[in-house]
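Read through the structure below, which is laid out as structure tokens, and then see the notes.
Fair warning: this is a prediction, and the values are worked out from it, not measured in the lab. Both ligands and their constituent atoms are indexed starting at 1 by order of listing.
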Amino acid sequence: MLELKDVSFEVTDKKGQKEILNNINLTIDDHKLIVITGPNGSGKSTLAKIIAGIYQPSSGQILLDGKDITDMSITERAKAGISFAFQQPVRFKGITVKDLIKLASGNQVTFSEACNYLSEVGLCAKDYINRQVDNSLSGGELKRIEIATILARGTKVSVFDEPEAGIDLWSFKNLIKVFEKMHKDIKGSIIIISHQERILNIADELIVISGGAVESVGTPEEILPQLLSDEKVECSCCKGDL
Ligand SMILES: Nc1ncnc2c1ncn2[C@@H]1O[C@H](COP(=O)(O)OP(=O)(O)O)[C@@H](O)[C@H]1O
Ligand SMILES: [Mg+2]
């Protein structure tokens with residue numbers, strides 16, 4: 001179980017201090033598929049990075065199975081069982097797809113297992129297994145390879161930041177299947193950040209983030225009707241005269 005208690009995150013930029021996340025309280029039970037959604041700039045990626053340990057919260061606590069992991073680094077959190085797929089995946093020149101999958105799984109994966117992980121994300125293993133994870137891969141290919149590495153890890157908490165980004169329609173259908181299968185197979189929890197209605201629909205629980213705070217939590221049946229009818233666009237800088 002992953003718990004966030006009163007987690008806030010502030011940054012200081014040229015304009016001074018800015019609060020990006022404000023008192024986030026969340027409990028994510030094992031074996032749950034959670035989808036976090038909300039407008040652009042509402043703090044979703046920041047929240048994912050706080051969970052993965054890429055950012056440290058300014059205040060608050062993060063607990064994994066009751067253990068305080070707030071001060072743990074990204075490497076320590078990865079060892080504790082948290083994995084993270086970036087909105088913009090990282091390229092590793094000099095490392096092959098096979099190496100990356102082996103590395104992710106702790107070297108216990110066989111060649112044929114590595115091929116299975118690639119097939120699950122819709123990539124033909126013989127075309128990709130020996131490719132370098134560099135600029136020669138398209139954004140969509142890289143994203144799918146990153147998802148394959150997370151499947152290989154099978155951790156307690158797997159966080160995916162907008163996995164649909166850059167993925168074509170055919171692969172998108174398969175991506176949904178990948179998450180459904182992962183949800184069935186692994187004991188841990190899956191957290192997906194997404195705007196896609198079809199991904200929102202497969203969630204056990206939806207969390208809506210707005211302006212750096214949790215706006216609502218509930219099942220898709222409870223949250224989606226409101227979310228889909230809510231089309232108002234508010235922009236404070238457009239109020240009043242120019
Ligand atoms: N390191 C940072 N420094 C300054 N502002 C940041 C930083 N990281 C994120 N932000 C700002 O925080 C807000 C939330 O960003 P983000 O979490 O990426 O939103 P989302 O993923 O919901 O689109 C945005 O306004 C973004 O510009
Ligand atoms: Mg984001």
Side-chain angles (χ1 to χ4, degrees), residues 2 4-26 28 33-62 70-74 77 82-91 139-140 142-147 149-150 157-167 172 175-176 179 189-200 202-203 205-218 220 223-224 226-228 230-239:
L2 181 76
L4 273 72
K5 293 191 171 172
D6 287 326
V7 167
S8 294
F9 182 68
E10 284 175 3
V11 290
T12 309
D13 61 12
K14 276 182 249 158
K15 290 184 195 158
Q17 240 179 17
K18 177 169 148 190
E19 185 145 78
I20 296 177
L21 295 176
N22 179 13
N23 279 317
I24 303 271
N25 283 291
L26 287 177
I28 295 173
L33 197 162
I34 306 293
V35 178
I36 300 178
T37 194
N40 285 329
S42 57
K44 304 178 299 297
S45 291
T46 306
L47 179 62
K49 287 174 186 166
I50 291 261
I51 293 172
I54 296 165
Y55 294 158
Q56 292 288 338
S58 315
S59 60
Q61 258 190 323
I62 304 166
T70 320
D71 295 328
M72 279 190 182
S73 66
I74 177 167
R77 287 197 208 187
I82 296 179
S83 59
F84 176 59
F86 283 91
Q87 187 169 353
Q88 311 280 347
V90 188
R91 293 170 200 267
L142 191 61
K143 197 102 193 182
R144 288 197 251 171
I145 288 163
E146 193 179 38
I147 293 169
T149 63
I150 296 209
V157 180
S158 306
V159 187
F160 298 89
D161 194 357
E162 297 197 23
E164 70 270 19
I167 290 201
F172 179 65
L175 191 64
I176 307 254
F179 287 128
S189 51
I190 304 164
I191 303 172
I192 308 173
I193 293 170
S194 179
H195 298 286
Q196 284 292 334
E197 197 184 333
R198 287 191 56 189
I199 294 187
L200 303 191
I202 63 167
E205 196 167 78
L206 284 181
I207 297 171
V208 184
I209 303 281
S210 178
V214 176
E215 192 182 78
S216 46
V217 178
I223 303 278
L224 268 179
Q226 172 64 26
L227 206 61
L228 296 174
D230 209 0
E231 286 185 7
K232 70 175 189 286
V233 178
E234 262 180 33
C235 174
S236 58
C237 72
C238 299
K239 284 178 188 155

>> I need the single residue from V159, L21, I191, D161 that forms a side-chain contact (heavy atoms from CB on, under 4.5 Å) with L47. Which is it?
In response: L21
Note every protein N or O atom lying under 3.5 Å from an N or O atom of ligand 1, pairing the names and giving the distance.
unit_1	atom_1	unit_2	atom_2	d
ligand 1	17 (O)	S45	N	3.4
ligand 1	17 (O)	T46	N	2.9
ligand 1	17 (O)	T46	OG1	2.5
ligand 1	19 (O)	G43	N	3.3
ligand 1	21 (O)	S45	N	2.9
ligand 1	21 (O)	S45	OG	2.9
ligand 1	22 (O)	S42	N	3.2
ligand 1	22 (O)	S42	OG	3.4
ligand 1	22 (O)	G43	N	3.0
ligand 1	22 (O)	K44	N	2.9
ligand 1	22 (O)	K44	NZ	2.7
ligand 1	23 (O)	G41	N	2.7

>> Does I207 form a side chain to side chain contact (heavy atoms under 4.5 Å, CB included) with V214? I'd like the steps, not just the answer.
In response: CA-CA 7 Å; I207 297 171; V214 176; 4.2 Å; yes
> Closest approach of I190 and F179, non-hydrogen atoms and distance?
Replying inline: CD1-O, 4.3 Å
>> Once side chain to side chain contact (heavy atoms under 4.5 Å, CB included) is applied, do any residues pair with S58, and if so which ones, sequence neighbours excluded?
In response: F9, E10
> side-chain hydrogen bond (donor to acceptor under 3.5 Å, both in side chains) with S158: which residues, sequence neighbours excluded?
Replying inline: T155
>> Given 3.5 Å as the limit, does a donor-acceptor pair link the side chain of S189 with the main chain of V157, or not?
In response: no
>> I'd like to know if the side chain of T70 and the backbone of I62 have a donor-acceptor N/O pair within less than 3.5 Å.
In response: yes
>> Could you go through N23 and V7, starting from their C-alpha distance and side-chain angles, then the distance that decides it, and tell me whether this counts as side chain to side chain contact (heavy atoms under 4.5 Å, CB included)?
In response: CA-CA 5 Å; N23 279 317; V7 167; over 6 Å; no
> Counting no waters, how many protein N/O/S atoms sit under 2.8 Å from the Mg ion (ligand 2)?
Replying inline: 2
> What is the minimum heavy-atom distance between P220 and L200, and which atoms define it?
Replying inline: CG-O, 3.5 Å
